[in-house]
2 protein chains.
Amino acid sequence: MVRARISDVAVAAGVSVTTVSLVLNDVESRISEETRNRVREAAATVGYAPSAVARGLRQQRMRTVGIISDQIATTPYAGRMLAGAQDVARDNGKLVILVDTGGMADIEQDAIRALASQQVDATIYAAMWHRVVEVPDGLPADTVFLDCRPRTPGFRSVVPDDRAGGVAATRELIAAGHRRIAFIDTELSPQRPIAADLRHAGYVEALSDAGIVPDAALHVHGEITAGGGRAATERLLDLPVEVRPTGLFCFNDRMAAGAYIAVHRRGLRIPQDISIIGYDDQQLVAAEQDPPLTTVALPHYAMGRWAMEVALGVRATAFSGALPRPGTREPEHGGDTSASGEEDANHQMECPVIRRDSVGPPPAQVAKPNRRRTSQHTERPPSAAPDR
Amino acid sequence: MVRARISDVAVAAGVSVTTVSLVLNDVESRISEETRNRVREAAATVGYAPSAVARGLRQQRMRTVGIISDQIATTPYAGRMLAGAQDVARDNGKLVILVDTGGMADIEQDAIRALASQQVDATIYAAMWHRVVEVPDGLPADTVFLDCRPRTPGFRSVVPDDRAGGVAATRELIAAGHRRIAFIDTELSPQRPIAADLRHAGYVEALSDAGIVPDAALHVHGEITAGGGRAATERLLDLPVEVRPTGLFCFNDRMAAGAYIAVHRRGLRIPQDISIIGYDDQQLVAAEQDPPLTTVALPHYAMGRWAMEVALGVRATAFSGALPRPGTREPEHGGDTSASGEEDANHQMECPVIRRDSVGPPPAQVAKPNRRRTSQHTERPPSAAPDR
DNA sequence: CTGAAAGCGCTAACAA
DNA sequence: TTGTTAGCGCTTTCAG
């Protein structure tokens with residue numbers, strides 16, 4: 001069976017192709033209702049499916065968007081990012097062409113050429129974990145970066161606000177009453193994720209805000225695995241009891257899972273003896289720890305949506321006006337309907353705390369009694385010097 | 001800057017568009033080497049990028065393949081399937097258009113229409129976990145089903161061989177010396193995954209082959225979560241010691257993680273006191289258990305490859321000849337180069353056992369001494385009562 | 001060895 | 001209210 005063309009419908013309906021085109025695309029209502037029905041029936045009976053290719057060639061707009069990603073496979077939460085982008089694309093009548101480059105530069109170049117060839121309406125460059133990326137040659141100027149920040153400025157991008165997340169995680173522990181809070185960090189290798197620095201900065205900021213001076217002994221490092229988290233935690237638990245942390249902020253859930261193992265091996269309980277907070281809210285690991293892990297969620301779905309909304313021009317950003325994006329408006333969708341107004345072109349998305357059961361108050365016997373507790377009322381730590 | 005067309009290249013090179021087309025597509029070498037170079041230079045200087053859309057319209061072949069999937073986001077290992085498909089597509093010069101339907105029938109219909117409209121060369125219908133699916137109306141007859149089996153026959157499909165995987169898992173335990181082996185199954189709900197029945201069938205088969213009669217008390221059920229696995233395991237551990245299982249085959253790694261918790265809570269050790277084997281080889285959970293979990297891997301990457309190879313016709317199957325797939329051969333790739341020959345159209349892919357540290361020999365004291373053990377020397381535990 | 005020209009299926013300017 | 005027709009950019013047949 002061969003594809004029916006628009007002319008077949010025209011013949012079947014006894015009208016011209018123009019009429020068919022007008023009717024099927026709901027352009028103006030200058031065609032009589034009767035003709036419209038006749039055309040629609042004819043289209044149905046001949047089994048007409050319009051060719052997006054021919055339409056695309058004529059209109060120079062394919063209604064597709066390309067997503068170039070390194071490593072779709074390696075990270076389990078990458079899917080949520082794609083889902084967010086996908087959903088927005090669908091709501092705007094676009095199809096997604098996905099290319100996984102495996103991080104290889106030559107494949108990346110092929111992908112860029114192929115997408116240009118396909119005349120995609122927009123391009124998203126996605127990384128599967130928050131990092132700084134080199135902008136590949138030939139990438140369209142209006143490309144939106146998802147979960148990564150381009151080294152070259154002038155592009156729109158969205159990344160998680162890892163610093164604020166680090167603040168939130170640390171505050172969660174502080175609010176529960178902890179003062180000795182450790183940060184279980186990744187190693188200081190050159191490929192260290194920038195999220196590590198940001199989360200650590202947030203940790204320091206939150207401590208300082210609470211008048212707690214960060215203790216270098218409580219900043220430990222390990223591989224980004226459960227094993228790494230476990231080893232680092234063991235070192236922390238070896239500390240003398242009066243300096244040993246009562247709260248652990250782990251770089252991610254994977255390391256937190258290792259911390260659980262170390263803590264349980266010592267016969268300590270979570271959160272009665274020690275509180276733990278993770279990061280990532282990784283599905284199938286955070287919620288299924290014993291007890292369920294309190295953590296900070298990475299807003300993958302929301303970031304995917306943001307990137308696609310910006311790429312399609314349904315959400316304005318600081319660069320939107322400056323960028324050459326002609327003919328992208330969808331007449332039938334009424335243009336910019338997002339009331340969100342203009343946002344920063346480099347967006348940082350909030351990482352919400354997911355409260356489960358691994359954070360509680362610190363054990364009573366560890367809370368060092370405050371020596372000069374004369375008329376001390378509010379949270380004023382003895383260690384905080386009034387001035388320097 | 002406006003796209004350069006082929007005519008721009010022709011003008012720049014001082015030749016006709018025909019020549020440019022011939023040169024750039026490496027068609028016959030009837031063009032002189034000198035002209036070829038001139039054309040290539042001209043193309044480079046004007047920054048020519050051919051339009052896949054115009055080419056597609058002319059050739060009626062877009063070199064794209066559509067993948068329709070329910071739920072790309074929900075399962076963490078789905079990515080590997082897409083990666084497999086993606087890699088094969090790339091090696092064959094195809095681009096992947098991915099549509100996530102979220103399992104909604106109306107969106108699915110839109111997706112099918114949209115892909116037909118895009119004139120994709122092939123279509124893959126993927127589920128994110130092994131199940132039987134209804135074939136949606138309008139799906140092309142040559143669609144390949146990935147990780148699911150269509151209810152209507154006549155389509156090509158690939159799924160994991162869960163029965164053989166169940167056999168392999170159970171044999172792993174039997175080979176280590178276990179005789180009392182439990183199967184921690186999912187619940188018997190109507191939406192029960194077919195993998196559960198298959199793995200259980202494999203379990204029964206392996207036991208029978210080893211001359212062990214399956215004990216109904218050792219077939220327990222729970223939710224497909226760590227909590228479900230934990231509860232089921234606790235029931236098993238409550239059994240009198242002489243009937244209590246020494247080996248646990250869990251429906252999946254998630255439930256196995258729950259089994260770990262239950263076992264550790266009882267103060268038992270893995271694998272010294274009890275051996276555990278999972279299923280799925282779920283990244284970031286199986287390998288990071290303490291001890292690392294022995295499990296059966298789901299061959300997602302290989303299934304993704306298989307589906308794409310079959311969809312593109314680079315791998316033959318039983319239905320290949322019968323199906324109407326005209327004009328799909330790639331002249332430049334020399335057609336069918338896969339030496340694998342004709343395969344069954346409904347392929348079952350092997351699930352390999354991943355050996356880690358959660359399976360060992362059963363504890364000696366539990367091994368009921370064989371009554372007629374006349375000349376037995378090794379491993380005779382003193383605590384074992386000669387008879388009951 | 002190279003070029004002219006038809007046409008893939010559709011939209012949209014212009015005519016009627 | 002409807003129809004004619006010129007392309008969109010490319011490949012490919014057929015002539016030179």
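Letters go in sequence order (proteins before strands), and every chain restarts at 1.
- The separation between Leu24(A) atom CG and dC10(C) atom P is 10 Å, rounded to whole Å.
- Over its full length, the helix from dC1(C)-dG16(D) to dA16(C)-dT1(D) turns its helical axis through 40°, comparing axes from the five pairs at each end and rounding to 10°.
- Between dC8(D) and Gln119(A), no contact under 4.0 Å exists linking OP1 or OP2 to a side-chain N or O.
- Ranking dG9(D), dC8(C), dG3(D) by closeness to the Ser16(A) side chain, first place goes to dG3(D).
- Residues Ala122(A) and Leu312(A) share a closest heavy-atom pair of CB-CD2, 4.4 Å.
- Side-chain N/O atoms of Thr19(B) include none lying less than 4.0 angstrom from OP1 or OP2 on dC1(C).
- For Ser51(A), counting side-chain heavy atoms from C-beta on, the closest listed nucleotide (dC10(C), dT4(D), dT2(C)) is dC10(C).
- Partners of Thr19(A) according to the side chain to side chain donor-acceptor pair (under 3.5 Å) rule, which considers only residues two or more places apart in sequence or in another chain, are Ser16(A).
- Not counting sequence neighbours, the partners of Arg38(B) by the salt bridge (charged side-chain N to carboxylate O under 4.0 Å, His left out) test are Glu34(B).
- Nucleotide dA6(C) holds its P atom 17 Å from the CG atom of Leu57(B), rounded to whole Å.
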Set out, line by line, the N/O atom pairs under 3.5 Å between protein and nucleotides 12-16 of chain D.
residue	atom	partner	partner atom	Å
dT12(D)	O4	Thr18(B)	OG1	3.3

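- Look at CE on Met62(B): it is 14 Å from P on dG9(C), rounded to the nearest Å.
- Partners of Phe145(A) under the ring pair (Phe, Tyr, Trp, His ring centres under 6.0 Å) rule, at least two apart in sequence or in another chain, are Tyr125(A), Phe155(A).
- Summarising the geometry, the separation between CG on Asp8(B) and P on dG9(D) is reported as 9 Å, rounded to the nearest angstrom.
- For Ile6(A), counting side-chain heavy atoms from C-beta on, the closest listed nucleotide (dC1(C), dC10(C), dA4(C)) is dC10(C).
- To the nearest angstrom, C1' of dG3(D) lies 10 Å from CD1 of Ile31(A).
- For Pro50(B), counting side-chain heavy atoms from C-beta on, the closest listed nucleotide (dC10(C), dT1(D), dC10(D)) is dC10(D).
- Between Pro50(B) and Leu24(B) there is no side-chain heavy-atom pair separated by less than 4.5 Å.
- For the side chain to side chain donor-acceptor pair (under 3.5 Å) test, residues two or more places apart in sequence or in another chain that qualify with Ser157(A) are Asn346(A).
- Between Ser7(A) and dG9(C) there is no side-chain N or O to OP1 or OP2 distance below 4.0 Å.
- Counting any heavy atom pair closer than 4.0 Å across all strands shown, Val15(A) reaches sugar-phosphate atoms only and no base atom.
- Atom CZ of Arg63(A) and atom C1' of dC10(C) are 12 Å apart (whole Å).
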Please evaluate residues Ser51(B) and Gln119(A) with respect to the criterion side-chain hydrogen bond (donor to acceptor under 3.5 Å, both in side chains), reporting the C-alpha separation (whole Å), side-chain torsions for both, the decisive distance (0.1 Å), and the verdict. CA-CA 7 Å; Ser51(B) 161; Gln119(A) 289 169 256; 2.8 Å; yes
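- Rounded to an integer number of Å, the gap from CD of Glu33(A) to C1' of dT1(D) is 13 Å.
- Between the CD atom of Gln118(B) and the P atom of dC10(C) there is a distance of 13 Å, given to the nearest Å.
- Residues meeting the side chain to side chain donor-acceptor pair (under 3.5 Å) test with Tyr301(A), sequence neighbours left out: Asp87(A), Arg305(A).
- Legend: residues meeting side chain to side chain donor-acceptor pair (under 3.5 Å) with Arg149(A), ordered by chain and number and at least two apart, are Gln348(A).
- For Arg113(A), the salt bridge (charged side-chain N to carboxylate O under 4.0 Å, His left out) partners two or more places apart in sequence, or in a different chain, are Asp110(A).
- Distances from the side chain of Arg55(A) to the nucleotides dG9(C), dC10(D), dC10(C) place dC10(C) closest.
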